[in-house]
Engineer: 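Quick one: structure below, then a few questions.
Proteins get letters first, then strands, A, B, ... in listed order; numbering begins at 1 in each.
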Amino acid sequence: MNTYSDKVMDHFQNPRNVGEVENADGVGEVGNPTCGDMMRISIRVKENRIDEIKFKTLGCGAAIATSSMTTELAKGKTIDEAMQITRASVAEALDGLPPEKMHCSNLAADGLHAAINDYRKKHGAGE
Amino acid sequence: MNTYSDKVMDHFQNPRNVGEVENADGVGEVGNPTCGDMMRISIRVKENRIDEIKFKTLGCGAAIATSSMTTELAKGKTIDEAMQITRASVAEALDGLPPEKMHCSNLAADGLHAAINDYRKKHGAGE
Amino acid sequence: MKNIYLDNAATTRPAPEVVEAMLPYLGELFGNPSSKYYGVGQITRAAVQKARQQVGRLIGVNNISDNPDDPYEIYFTSGGTESDNWALKGAVMCKSKKHIITSAFEHHAVLETAEMLEKSLGCNVCAKQTACEVTILPVDSTGLVNPDDLRKALRDETAIVSIMHANNEIGTIQPIKELAAITHERGALFHTDAVQTVGKIPVDVNDLGVDLLSMSGHKFHGPKGIGALYIRKGTRLDPFLNGGGQERALRAGTHNVAGIVGMGVACELAMKNMEAEAKRERALVETLWQGLSDRIPKIHRNGHPEIRLPGTLNVRFEGAEGEAILMYMDMMGVQVSSGSACSTGDIKPSHVLLAIGVKQEEAHGSIRFSLSHDTTAEDIQYVIDTMPKQLDMIRQMSVTWKG
Amino acid sequence: MKNIYLDNAATTRPAPEVVEAMLPYLGELFGNPSSKYYGVGQITRAAVQKARQQVGRLIGVNNISDNPDDPYEIYFTSGGTESDNWALKGAVMCKSKKHIITSAFEHHAVLETAEMLEKSLGCNVCAKQTACEVTILPVDSTGLVNPDDLRKALRDETAIVSIMHANNEIGTIQPIKELAAITHERGALFHTDAVQTVGKIPVDVNDLGVDLLSMSGHKFHGPKGIGALYIRKGTRLDPFLNGGGQERALRAGTHNVAGIVGMGVACELAMKNMEAEAKRERALVETLWQGLSDRIPKIHRNGHPEIRLPGTLNVRFEGAEGEAILMYMDMMGVQVSSGSACSTGDIKPSHVLLAIGVKQEEAHGSIRFSLSHDTTAEDIQYVIDTMPKQLDMIRQMSVTWKG
Ligand SMILES: Cc1ncc(COP(=O)(O)O)c(C=O)c1O
Ligand SMILES: Cc1ncc(COP(=O)(O)O)c(C=O)c1O
Ligand code: FES
Ligand code: FES
């Protein structure tokens with residue numbers, strides 16, 4: 001009977017893909033330090049696929065775990081596939097989040113989408 | 001740390017002078033069964049002294065103990081001396097009573113005074 | 001000396017299993033359940049929730065989740081008194097309906113609360129606007145409320161009806177299901193003080209159809225100082241303690257973890273033992289009554305002979321006063337309780353006995369015997385053997401006894 | 001794994017002596033203290049009164065009699081939250097004065113209660129007539145209330161001023177004596193929430209001059225679910241729980257005997273150990289602060305550096321979020337607390353930190369270390385040794401950290 005699932009704890013304890021992609025093709029920054037959570041996702045795109053993805057986050061345990069999980073889910077996917085990753089699918093992949101933490105899983109998916117949009121804008125493939 | 005003093009408990013457990021003096025010279029009845037306490041004290045007077053004194057009571061532990069103690073205090077005393085026995089002196093002789101029980105010690109002294117007054121009335125020595 | 005405790009309606013001895021379950025939470029596992037994000041807090045959070053499920057199951061609330069943030073319908077309080085206060089105060093304080101219906105034989109925790117609300121709703125500045133009206137329903141000579149009386153008393157402005165499940169002095173069990181249904185027809189909330197029934201007879205909030213139900217751990221072998229209020233989902237009730245957000249911000253305050261765990265185990269034990277135990281106590285009570293009434297003249301049984309708690313017997317002894325009986329029985333090592341409220345300073349006889357029509361002078365001479373899981377057949381036999389002599393002593397002293 | 005508990009401001013481990021003293025009252029001595037007239041009830045009545053004397057002595061109330069019917073000035077409650085609720089609600093509910101003054105850095109048990117009273121005094125029907133006005137005093141950057149602010153805020157209609165003795169998050173100790181004196185000049189009651197000071201630093205109600213003072217057993221190695229409200233003789237305060245007349249009919253409900261006994265023993269232990277313990281904890285806190293600030297860049301101490309609780313240290317770490325720090329420390333077996341109220345759903349930073357002027361984005365990165373009698377020098381060294389690495393990890397991940 002844990003507040004966080006084992007998957008959340010695993011990603012929290014061993015966060016994947018921490019950092020910044022150098023010379024990223026797209027960067028998404030969401031959240032606000034005033035609210036206590038902020039997140040930056042940077043991606044490198046090769047042949048329309050997410051070749052490299054990294055995150056940095058200021059936030060709670062759930063924020064870290066969802067960031068980590070989101071990067072794992074997105075890695076290797078095509079841009080279009082990655083856009084399908086929703087707030088709900090991240091939470092599901094983590095075996096659920098406490099209700100009051102759903103907000104954080106939103107943040108990570110939002111960050112990913114922002115990064116892809118940034119890439120599209122820069123590379124003329126925008127919506 | 002007892003609700004009742006040892007003296008009260010002693011008089012309660014071994015009440016003195018229970019009963020009715022036969023052909024009493026004076027009888028005092030105070031209290032009211034509706035209120036849950038009622039007491040009758042009967043006395044025989046010889047040479048202006050209380051020669052015999054008995055009580056009957058319907059009431060709580062304190063009522064029984066104060067009745068018993070009152071009869072002990074009064075026995076052998078002159079009528080005038082016995083009239084000096086007050087509510088306070090009964091309580092004192094019992095090493096005190098819980099505050100909410102002072103009412104009962106009142107009852108016993110009142111009963112004694114009523115018995116003496118009855119005697120005086122009958123024998124022309126009324127106040 | 002003998003030590004026979006027959007005052008289990010006042011309080012019971014915590015079961016050994018209860019104490020054992022509590023101990024870790026007074027030691028190693030002392031974490032604050034509100035500290036969600038580290039180990040020791042998580043353990044106690046889970047323990048509180050497990051107890052909530054145990055309490056729920058005993059009263060027919062079976063769907064409490066494992067999520068400690070979800071008190072669902074069971075809210076822990078400091079006992080039956082707080083639960084009763086909360087139910088009544090919480091139902092009228094912020095509501096436009098200001099009429100309360102209760103009965104003449106409720107526990108003081110309900111009656112005094114109703115009286116307080118009648119006086120002022122806690123505010124004498126605007127007492128006229130805010131004071132509640134209170135209707136007190138009578139009970140018949142067995143202690144039963146007449147559903148027709150309730151029907152007549154209900155108004156559109158009735159906020160809440162509070163009728164206790166079983167009475168603590170005489171044990172009569174009210175027709176709660178019927179009373180709750182009548183109440184709901186008129187749109188009022190129904191509360192029952194089930195402090196004397198929970199753990200002793202089957203209590204199912206859904207079958208009874210109540211909105212609010214009070215219980216108290218120490219009445220069924222749990223610890224003192226812990227209780228609960230059942231609040232049916234959707235019931236609009238004001239918070240009772242404001243503060244740190246515990247119990248869904250309705251009843252703040254650091255959880256009494258050990259007490260809660262103890263109450264939970266007591267519920268589980270009660271569920272397991274209830275059926276056999278009720279049967280056993282009912283038989284013992286009959287033995288006691290037969291034994292006493294065969295040996296002691298002029299005694300009477302108060303309350304309903306059938307529709308009553310299995311373990312409670314209230315007897316009136318002519319020509320004797322309750323406290324004196326109680327003390328002479330104490331000398332013999334038997335602990336019972338006197339119906340009279342003599343001890344409180346104003347020497348009023350029990351309002352419950354008066355409510356069932358016992359005369360003032362008679363009410364003073366009543367004694368309650370209340371049994372529990374700890375009571376043996378030998379205990380009962382001892383009382384049957386010793387009480388006649390003690391009572392004879394008192395009556396020999398009594399002014400009113402006419403042997 | 002290590003298990004280092006540094007969240008003693010949230011709750012403490014009951015002392016072994018406390019638990020041992022409680023045990024008989026969960027077993028043999030289970031009698032109801034309200035059952036005055038037989039043995040087992042008398043024992044628990046005496047035990048409750050003894051505990052009342054122990055509690056009294058710790059806060060300078062030395063004249064409590066042996067008479068269990070005389071709560072004198074110490075009234076047992078279910079904890080600090082109930083005491084706070086009672087003080088505020090009881091002071092305004094039935095009074096014509098309807099203005100409350102409190103401070104921006106009170107515990108939620110005071111702030112939420114004041115807010116509730118401001119909204120409606122529990123009655124939206126006549127809210128306009130009955131609602132209280134509430135003035136919230138600011139605190140300076142160290143957490144201190146300015147007595148001049150209080151002077152200006154007081155009015156003839158002020159019913160009660162409630163300022164906490166020491167703050168639970170940052171530990172700053174208020175000039176209660178001065179604030180109470182100013183309050184009394186204008187005829188209002190003065191309440192202090194001393195939940196964090198009782199048992200940790202000397203508290204003397206007569207020296208402080210307060211009318212009402214809240215305390216809670218579990219904050220100084222007593223059990224959870226028990227507390228007390230000091231009510232100075234002559235103070236007009238409404239009853240909080242109506243019912244069976246316990247605690248001089250001001251706080252009804254069967255006494256939590258074991259809890260009360262435990263709290264009494266905790267008070268006695270605190271009295272004995274306080275001086276040496278405060279000195280020891282103050283030194284450990286300095287060691288901790290030195291150790292951390294030497295090893296971790298860009299950290300700041302929240303609260304007053306001197307006028308503060310000996311065992312509480314609140315530190316702000318730039319570029320890191322509180323819950324994350326807390327969880328990484330938990331992985332190392334260290335239990336601390338985050339100032340942020342992240343857990344409650346709305347991700348608000350601590351109102352206390354905001355009150356002392358910490359910026360929102362900074363408030364999220366604050367951690368409270370709180371020590372107790374159980375904390376050792378080795379514990380502190382372990383934290384100094386492990387925390388830098390954990391913090392570095394978090395900062396490496398952080399968007400806002402600019403190493
Ligand atoms: C019927 C009833 N209601 C309420 C209470 C009060 O419960 P507690 O003692 O837990 O405050 C009691 C017992 O004292 C009771 O018998
Ligand atoms: C300052 C302060 N006041 C009140 C409380 C509430 O006390 P309790 O947990 O006993 O309800 C606490 C602790 O939670 C506190 O720290
Ligand atoms: S970042 Fe605060 S709730 Fe997740
Ligand atoms: S006879 Fe009832 S108080 Fe004494």
Engineer: In Å, rounded to the nearest 0.5 Å, how long is the span from CD of A:Q13 to CE of D:M393?
Structural biologist: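 The CD atom of A:Q13 sits 8.5 Å away from the CE atom of D:M393.
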Engineer: Sort D:E362 into side chain, backbone, both or neither according to what part of it lies under 4.5 angstrom from a heavy atom of chain A.
Structural biologist: neither
Engineer: Could you state the interatomic distance from OG1 (A:T57) to CD (D:E321), rounded to the nearest 0.5 Å?
Structural biologist: 9.0 Å
Engineer: Grab the two heavy atoms, one from D:Q396 and one from A:V18, that are nearest each other, plus how far apart they are.
Structural biologist: O-CG1, 4.1 Å
Engineer: Under a 4.5 Å cutoff for heavy-atom pairs, which residue among D:G319, D:S398, D:A320 has the most contacts with chain A?
Structural biologist: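 So the answer, after comparing D:G319, D:S398, D:A320, is D:S398.
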Engineer: Report the C-alpha distance between D:M327 and A:M9 in whole Å, list the side-chain angles of each, state the deciding distance to 0.1 Å, and finish with yes or no for side-chain contact (heavy atoms from CB on, under 4.5 Å).
Structural biologist: CA-CA 9 Å; D:M327 289 178 65; A:M9 289 310 290; 3.7 Å; yes
Engineer: Heavy-atom distance under 4.5 Å to chain A: side chain of D:M397, backbone, both or neither?
Structural biologist: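 For D:M397, backbone and side chain are both near chain A.
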Engineer: Which pairs count as side-chain hydrogen bond (donor to acceptor under 3.5 Å, both in side chains) when at least one residue sits in residues 18-31 of chain A, sequence neighbours excluded?
Structural biologist: A:E20-A:R40, A:E29-A:R40
Engineer: Is a donor on one side and an acceptor on the other found under 3.5 Å between the side chain of D:Y328 and the backbone of A:F12?
Structural biologist: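 Yes, D:Y328 side chain to A:F12 backbone: donor-acceptor pair under 3.5 Å.
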Engineer: For atom CD of A:E92, decide whether the heavy atoms of other residues, nucleotides or ligands shown that lie under 6.0 angstrom number more than 12.
Structural biologist: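 Atom CD in A:E92 is not crowded, with 12 or fewer foreign heavy atoms closer than 6.0 Å.
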Engineer: Looking only at non-hydrogen atoms, find the nearest pair between D:V399 and A:L58 and report the distance.
Structural biologist: CG2-N, 3.5 Å
Engineer: Do any of residues 48-56 of chain A come closer than 4.5 Å to chain D, heavy atom to heavy atom, and if so which ones, in number order?
Structural biologist: A:F55, A:K56
Engineer: Restricting to non-hydrogen atoms, name the atom on D:A324 and the atom on A:G59 that form the minimum distance, rounded to 0.1 Å.
Structural biologist: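 For D:A324 and A:G59, the tightest heavy-atom pair comes out as CB-O, 3.3 Å.
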